[in-house]
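Letters A, B, ... mirror the listed sequences (proteins, then strands); counts begin at 1.
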Protein chains: 2
Amino acid sequence: MTENKTYNIAILGATGAVGQKILQILEDKAFPINEVKLLSSKRSAGKKVMFKNEEIVVEEATPESFTGVDIALFSAGGSVSKQLAPEAVKRGAVVVDNTSAYRMAEDVPLVVPEVNQADIANHQGIIANPNCSTIQMVAALKPIKDSYGINRVIVSTYQAVSGAGAEANLELENQTKQFLNKDELTAELLPVKGDKKHYPIAFNALPQIDVFQDNGYTFEEMKMINETKKILHAPDLSVAATCVRLPFFTSHAESIYIEVEEEGLTVADLWKVLETADGVVLQDDPSTQTYPTPLDAVNKEDVFVGRVRKDLDNDKGFHMWVVADNLMKGAAWNTVQIAESLIKNKWL
Amino acid sequence: MTENKTYNIAILGATGAVGQKILQILEDKAFPINEVKLLSSKRSAGKKVMFKNEEIVVEEATPESFTGVDIALFSAGGSVSKQLAPEAVKRGAVVVDNTSAYRMAEDVPLVVPEVNQADIANHQGIIANPNCSTIQMVAALKPIKDSYGINRVIVSTYQAVSGAGAEANLELENQTKQFLNKDELTAELLPVKGDKKHYPIAFNALPQIDVFQDNGYTFEEMKMINETKKILHAPDLSVAATCVRLPFFTSHAESIYIEVEEEGLTVADLWKVLETADGVVLQDDPSTQTYPTPLDAVNKEDVFVGRVRKDLDNDKGFHMWVVADNLMKGAAWNTVQIAESLIKNKWL
């Protein structure tokens with residue numbers, strides 16, 4: 001930031017896992033804030049939250065809350081965004097929305113700044129933050145696509161429970177204790193809050209994230225498929241996804257297979273473009289067992305890539321392992337990056 | 001078993017996780033045993049193990065241990081198998097070996113009975129039990145391959161720690177407690193005992209199972225690739241694998257992408273051949289959130305298949321999710337099935 005101007009920022013969902021991370025980042029990065037307004041649902045209104053050594057009372061979000069706000073960062077669920085984002089825009093705020101409500105809307109840019117920052121310029125008041133599992137994947141695909149082309153992506157995910165919210169963390173912790181005590185496991189939330197059936201996540205793996213669609217894919221899988229094509233401006237790219245919830249708290253990992261367009265590439269060719277890519281850190285050395293893991297990525301801003309291998313049968317096929325903190329780059333940090341970009345490029 | 005004849009059985013590695021499971025199965029299935037001899041390394045010799053309400057003292061395995069033995073079930077590690085399997089064969093025993101020592105040897109059948117039982121007939125004294133992650137995959141691939149052909153397999157695994165032995169279970173349990181107590185995690189064993197670096201597995205995911213090979217793949221990945229081709233008699237089948245260790249105790253899960261040879265197939269076509277396949281149980285109904293999970297597969301003999309979906313871009317592409325108990329079908333039960341087959345088909 002070289003600007004001296006400061007901005008009025010509203011954070012909707014300020015008491016949630018992502019809202020808390022956003023506040024931490026705004027403070028750490030010395031974001032040019034004039035005034036910060038913390039908003040939430042009625043249920044969480046009245047709670048007090050610390051920001052820059054000051055106690056701020058969280059207010060219930062209403063349409064009027066956004067009067068005088070420059071940038072509003074939304075992460076309070078899709079239905080809240082659908083209701084309040086247009087109200088905020090009407091009052092002159094630019095909304096960065098962290099839910100799936102507007103991601104596939106034609107007039108809403110869906111942005112990972114390292115990948116398609118320029119799309120922000122065309123915003124009509126709302127900019128959507130992509131799904132966590134999509135963000136880290138496109139960050140790794142982008143430099144490869146730019147240099148060598150990509151026409152096929154097949155991903156299997158290894159996703160942390162915090163993607164289902166702070167209460168999912170609590171469920172994992174409780175079930176873990178129950179398992180170690182040889183008690184029966186209480187499953188009331190995962191895989192999907194409000195869905196018909198619940199499975200234990202402790203010491204288990206659940207091949208369902210979000211609800212099933214009519215085509216047999218889950219909504220999480222369809223998000224990865226559709227959002228990836230939109231962000232990469234590649235409607236004809238073949239993308240397939242299998243999304244799996246796993247018993248760890250933070251960071252998603254992804255086993256990704258790609259087919260590039262160029263022939264005869266080597267692992268070194270992929271390393272070359274990955275190690276110079278914005279927001280990507282290459283951690284890849286089998287000789288020293290160097291590769292990213294979810295625990296090592298916690299609280300980091302970057303997307304970590306390792307286990308880059310050439311397919312043994314297909315000259316254009318490559319495999320890799322991509323890890324990022326789902327609450328940071330997968331949510332809060334990407335949101336703040338978009339807000340920074342709005343200011344830096346005078347796109348407000 | 002319709003035979004009245006009984007057999008002298010030796011179990012090498014009787015105190016290990018797989019050895020214990022083998023004993024349990026032999027007892028449950030009323031395997032036609034005349035005498036059972038429990039063998040181990042020097043370190044475990046002298047331990048007492050219960051079998052059919054009888055306490056049996058485990059003896060140190062020597063070449064002479066196999067005199068008079070009809071069938072020897074080996075699961076005490078590759079170096080022990082290399083040393084003692086030829087000695088057992090020399091003394092007239094048929095060895096079913098649960099290590100990687102002989103799997104790729106040309107004169108050793110590598111067998112999953114539901115898939116290639118007939119290969120046992122050609123044995124020269126040793127029959128190899130495939131790698132756990134391979135067994136469950138080929139069980140699911142075989143019925144599809146027989147009916148529709150398969151020319152491409154890409155798998156990402158979700159593997160339980162018990163695949164690394166009983167001491168890995170203990171490491172996961174200890175680290176889990178340390179994590180919940182906010183203590184530092186002690187990592188001394190995983191991902192690979194004796195390798196240079198160790199990572200915590202609790203609330204984490206490790207993209208390394210077994211040691212790295214010169215081509216950047218792990219030995220586990222190469223086992224899946226090479227063994228699948230051998231078992232399916234398909235040297236030209238394209239197989240790619242990414243193997244990941246996860247924080248659960250039992251059962252491996254696999255996200256598998258296949259390309260079939262036949263055009264125009266539907267999910268129902270795959271269901272049809274999977275639900276009638278030997279040793280395979282189809283658990284696949286998105287409308288009721290029905291799919292297999294590792295916890296549900298514990299102590300079961302079968303291979304469970306769910307989440308069968310047609311690829312959205314490739315008419316010949318399908319995705320599925322395959323789960324099995326890595327100690328049962330992935331090891332002990334497959335070993336006992338081979339022993340049963342030796343007897344039933346008079347292939348001893």
Side-chain angles (χ1 to χ4, degrees), chain A residues 152 154 156 158 172-173 176-177 180 185 191-192 195-197 199-200 202-208 212-213 215-218 225 238-240 242 244 246-251 253 255 257 267 286-296 306-314 317 319 321 323, chain B residues 152 154 156 158 172-173 176-177 180 185 191-192 195-197 199-200 202-208 212-213 215-218 225 238-240 242 244 246-251 253 255 257 267 286-296 306-314 317 319 321 323:
Chain A
R152 182 71 167 128
I154 300 173
S156 295
Y158 301 71
L172 171 58
E173 188 176 337
T176 303
K177 290 173 183 167
L180 294 179
L185 304 190
V192 182
D195 211 342
K196 294 175 289 288
K197 206 186 275 182
Y199 288 92
F203 303 106
N204 206 8
L206 304 182
Q208 182 192 357
F212 279 101
Q213 311 295 288
N215 65 359
Y217 286 76
T218 61
I225 291 168
S238 291
V239 184
T242 300
V244 182
L246 289 164
F248 42 85
F249 294 99
T250 315
S251 305
S255 168
Y257 170 74
V267 168
S287 75
T288 57
Q289 296 173 262
T290 298
Y291 40 71
T293 74
L295 270 188
D296 285 332
R307 302 275 354 254
V308 181
R309 286 156 291 151
K310 184 155 177 156
D311 193 79
L312 299 178
D313 297 300
N314 184 342
H319 304 266
W321 172 252
V323 181
Chain B
R152 182 72 166 127
I154 300 174
S156 294
Y158 302 70
L172 171 57
E173 186 175 338
T176 303
K177 291 174 182 166
L180 294 178
L185 305 189
V192 182
D195 211 342
K196 294 175 288 288
K197 206 187 277 183
Y199 289 92
F203 303 106
N204 206 7
L206 304 182
Q208 183 192 356
F212 280 101
Q213 310 295 289
N215 65 359
Y217 287 74
T218 61
I225 292 167
S238 291
V239 184
T242 299
V244 182
L246 289 164
F248 41 86
F249 294 100
T250 314
S251 304
S255 167
Y257 170 73
V267 168
S287 76
T288 57
Q289 295 173 264
T290 299
Y291 39 71
T293 74
L295 270 189
D296 285 332
R307 302 282 343 261
V308 180
R309 286 156 292 151
K310 183 153 177 157
D311 193 79
L312 299 177
D313 297 299
N314 184 343
H319 304 267
W321 172 253
V323 181

For a quick test of reading the model, state the closest non-hydrogen atom pair linking B:Ala205 to A:Pro294 and the distance between them.
O-CD, 3.4 Å
Max heavy-atom pairs within cutoff under 4.5 Å with chain B, candidates A:Gly306, A:Pro207, A:Ser251, A:Ala253, goes to A:Pro207
Under the criterion side chain to side chain contact (heavy atoms under 4.5 Å, CB included), I'd like the reasoning laid out for A:Ser287 against B:Phe212: C-alpha separation, chi angles, the key distance, then a yes or no.
CA-CA 8 Å; A:Ser287 75; B:Phe212 280 101; over 6 Å; no
Just give me the residue among A:Leu206, A:Asp195, A:Thr176 that pairs up with chain B most often, heavy atom to heavy atom, under 4.5 Å.
A:Asp195
Among A:Ala202, A:Ser238, A:Gly317, who wins on heavy-atom pairs under 4.5 Å with chain B?
A:Ser238
Given the options B:Val244, B:Leu172, B:Leu295, which has more heavy-atom pairs under 4.5 Å with chain A than any of the others?
B:Leu295
Say whether, by atom type as modelled, one donor and one acceptor occur between the side chain of A:Gln208 and the main chain of A:Pro191 under 3.5 angstrom.
no
Chain A: which of B:Arg309, B:His319, B:Lys310, B:Arg152 shares the most heavy-atom pairs with it under 4.5 Å?
B:Arg309
For each of A:Thr293, A:Asp313, A:Asn204, tally heavy-atom pairs with chain B at distances under 4.5 Å, and name the one with the top tally.
A:Asn204
Cut-off 4.5 Å, heavy atoms of chain A, and the answer for B:Val239 is backbone
Among the listed options A:Trp321, A:Tyr257, A:Phe248, A:Tyr217, the residue most often paired with chain B at heavy-atom distances under 4.5 Å:
A:Tyr217
Mind ranking B:Pro286, B:Pro247, B:Pro292 by heavy-atom pairs under 4.5 Å with chain A and telling me who comes out on top?
B:Pro286
Let me know if A:Tyr291 has heavy atoms under 4.5 Å from chain B in its side chain, its backbone, both or neither.
both
Heavy-atom pairs under 4.5 Å with chain B: which of A:Gln213, A:Lys196, A:Arg307 has the most?
A:Arg307
Do the rings of A:Phe249 and B:Phe203 sit parallel, tilted or perpendicular, given the 30° and 60° boundaries?
tilted
In terms of heavy-atom proximity below 4.5 Å to chain B, should A:Leu312 be classed as side chain, backbone, both, or neither?
both
Which answer fits A:Thr250, side chain, backbone, both or neither, if we ask what part of it has an atom under 4.5 Å from a heavy atom of chain B?
neither
